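Here's the structure we're looking at; comments come further down.
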Number of protein chains: 2
Amino acid sequence: MTVKGKISRERIIEAANRLIYTKGFNQTSVSDVADAVGITKGNLHYHFKSKEELLEAIICFRKTSISSMLEQWNEEFPEAKEKLKRFVQMLLNEEKDIIRYGCPMGSLNAELGKFQPTLQANSKEMFDLFQHWLEVVFKQLDSKKSKARSRHLLAMGQGASMMSYIYSDAKILKDECRLMNEWLDALN
Amino acid sequence: MTVKGKISRERIIEAANRLIYTKGFNQTSVSDVADAVGITKGNLHYHFKSKEELLEAIICFRKTSISSMLEQWNEEFPEAKEKLKRFVQMLLNEEKDIIRYGCPMGSLNAELGKFQPTLQANSKEMFDLFQHWLEVVFKQLDSKKSKARSRHLLAMGQGASMMSYIYSDAKILKDECRLMNEWLDALN
DNA sequence: GTCTATAAGAAGATAGAC
DNA sequence: GTCTATCTTCTTATAGAC
């Protein structure tokens, strides 16, 4: 594979990643992606044999991004509560996109879960990355409730994203994030 | 319109309602619906000029169901907290479907919100029914925080549904519903 | 009201030239 | 590695017989 090939492959993944977030996987056609990149469908199929293979590459790309973000948070915030509040802050930082398109992980998983189980299982691993990281962090506060708490924080994040998305309302997101922070403050 | 026509129309709406929930709107074809009802596509198009018109009928059907359910809860539970807990209980009653297909309202709204704004606006009215009802009920506890609380309970319900759906895990739904009830118990 | 037949277009994917 | 051209299938929707 030449250098030029790698560049094309990455451009495809990045364009498709955005399209799949904003339009949904099943509503994004191979032509949409090719048009966005400025190549033809035939060329795209040289890089990715099928649409599913493209999605797998996108999920791999997302998982890598998430992992490096979590590692950076680990370095940047020594205290457990600081780490947890950084997670909440992520939602506020992504306000515009969340309100317009929902949570990128949640909406993809929800779509695939209906009847694309193989792809959903793959996509779910994005959630696993956050869940395991949160569980480790919560364990520093209380070793017994860490799993339940990690799931609860994820659930509140999903609820906040979903409601602010459905109502296209930044205030809902801000209010729910404030409640999440208050919940974190009240722990132990 | 004859009596037989009305029966067909209702059978179409009920079958399409289920299919759109389990497969998603955009992934449910007119043929899928016609096959499920046992009629032809041509016949279905006699009853509904377009797929969008069919969805509007489904949303109307759902809104009617929700309204009558809320009215029944009003009659059945005189106390505000009883009403609120009945809302939480609804999620537990629908455990099997929520875990397999997510929240019927949330998943439809999330799908339509991506790039079908007219249909999403229509679908959002299902949420409005719950939100207004919850707001009135919360107002009996505290007149000032009723709107924020109604949104928060809806957000927790969406988060609980989403997480238990993504992880196909009834325990997550039960745990989150328990936390919702504890939150309700702690109010005022 | 229900059917068959068909139009007209978009989808994912492939073959082969360059 | 990128292109054009094509295939097949599926989609929504329509026309017209019964």
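Quick caveat: nothing in here was measured; it's all calculated off a predicted structure. Order of the sequence lines fixes the chain letters, A, B, ..., with proteins taken first and strands second; residue numbering starts at 1 for each chain.
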*A:Ser8 side chain N/O closer than 4.0 Å to the phosphate oxygens (OP1, OP2) of D:dG1?*
no
*Whole angstrom is fine here: how far is it from NE2 in A:His47 over to P in C:dT14?*
16 Å
*Separation of atom CD1 in A:Ile39 from atom C1' in C:dC18, rounded to whole Å*: 17 Å
*asked:* Please report the distance, rounded to the nearest Å, between OH in B:Tyr46 and C1' in C:dC3.
replied: 13 Å
_Test: side-chain hydrogen bond (donor to acceptor under 3.5 Å, both in side chains). Region: residues 107-120 of chain A. Which pairs qualify, not counting sequence neighbours?_
A:Asn26-A:Glu111, A:Asn26-A:Gln116, A:Ser107-B:Lys114, A:Asn109-A:Gln120, A:Asn109-A:Ser123, A:Lys114-B:Ser107
*Rounded to whole angstroms, how far apart are CG on A:Asp35 and P on C:dG12?*
12 Å
*Could you tell me whether the phosphate oxygens of C:dG1, OP1 or OP2, come under 4.0 Å of any side-chain nitrogen or oxygen in B:Asn43?*
no
*B:Phe130 vs B:Trp73 aromatic rings, parallel, tilted or perpendicular, using cut-offs 30° and 60°?*
tilted
*Cationic tip of B:Lys83 within the cone over B:Phe138's six-membered ring, i.e. under 6.0 Å and within 45° of the normal?*
no
_Tell me which pairs pass side-chain hydrogen bond (donor to acceptor under 3.5 Å, both in side chains) where either residue lies in residues 28-38 of chain A, with sequence neighbours left out._
A:Lys23-A:Asp32, A:Ser29-A:Asp32
*asked:* Determine whether B:Arg151 and A:Asp169 satisfy the following criterion, salt bridge (charged side-chain N to carboxylate O under 4.0 Å, His left out), listing intermediate values before the conclusion.
replied: CA-CA 11 Å; B:Arg151 287 170 162 180; A:Asp169 189 340; 3.4 Å; yes
*Between the first and last five pairs of the helix from C:dG1-D:dC18 to C:dC18-D:dG1, the angle of the axes, rounded to 10 degrees*: 0°
_Within the 4.0 Å limit for protein heavy atoms, which parts of nucleotides 10-17 of chain D are touched? Write it as a string from 5' to 3', B for base, S for sugar-phosphate only, - for none._
-SBBB---
*A:Asp97 versus A:Tyr165, side-chain donor and acceptor atoms under 3.5 Å*: no
*What integer distance in Å separates A:Phe48:CZ from D:dT2:P?*
12 Å
*Sequence neighbours excluded, which residues qualify as side-chain contact (heavy atoms from CB on, under 4.5 Å) partners of A:Glu95?*
A:Ile99, A:Ala170, A:Leu173, A:Lys174
*Are any side-chain N or O atoms of B:His152 and backbone N or O atoms of B:Ala148, one a donor and one an acceptor, separated by less than 3.5 Å?*
no
_Atom-to-atom span, CG of A:Leu19 to P of C:dG12 - whole angstrom_ = 12 Å
*Nearest whole angstrom, please: distance from the C1' of C:dA11 to the CG of A:Leu44.*
14 Å
*Return the set of residues passing side-chain contact (heavy atoms from CB on, under 4.5 Å) with A:Ala15 (not counting sequence neighbours), or none when no residue passes.*
A:Ala36, A:Val37
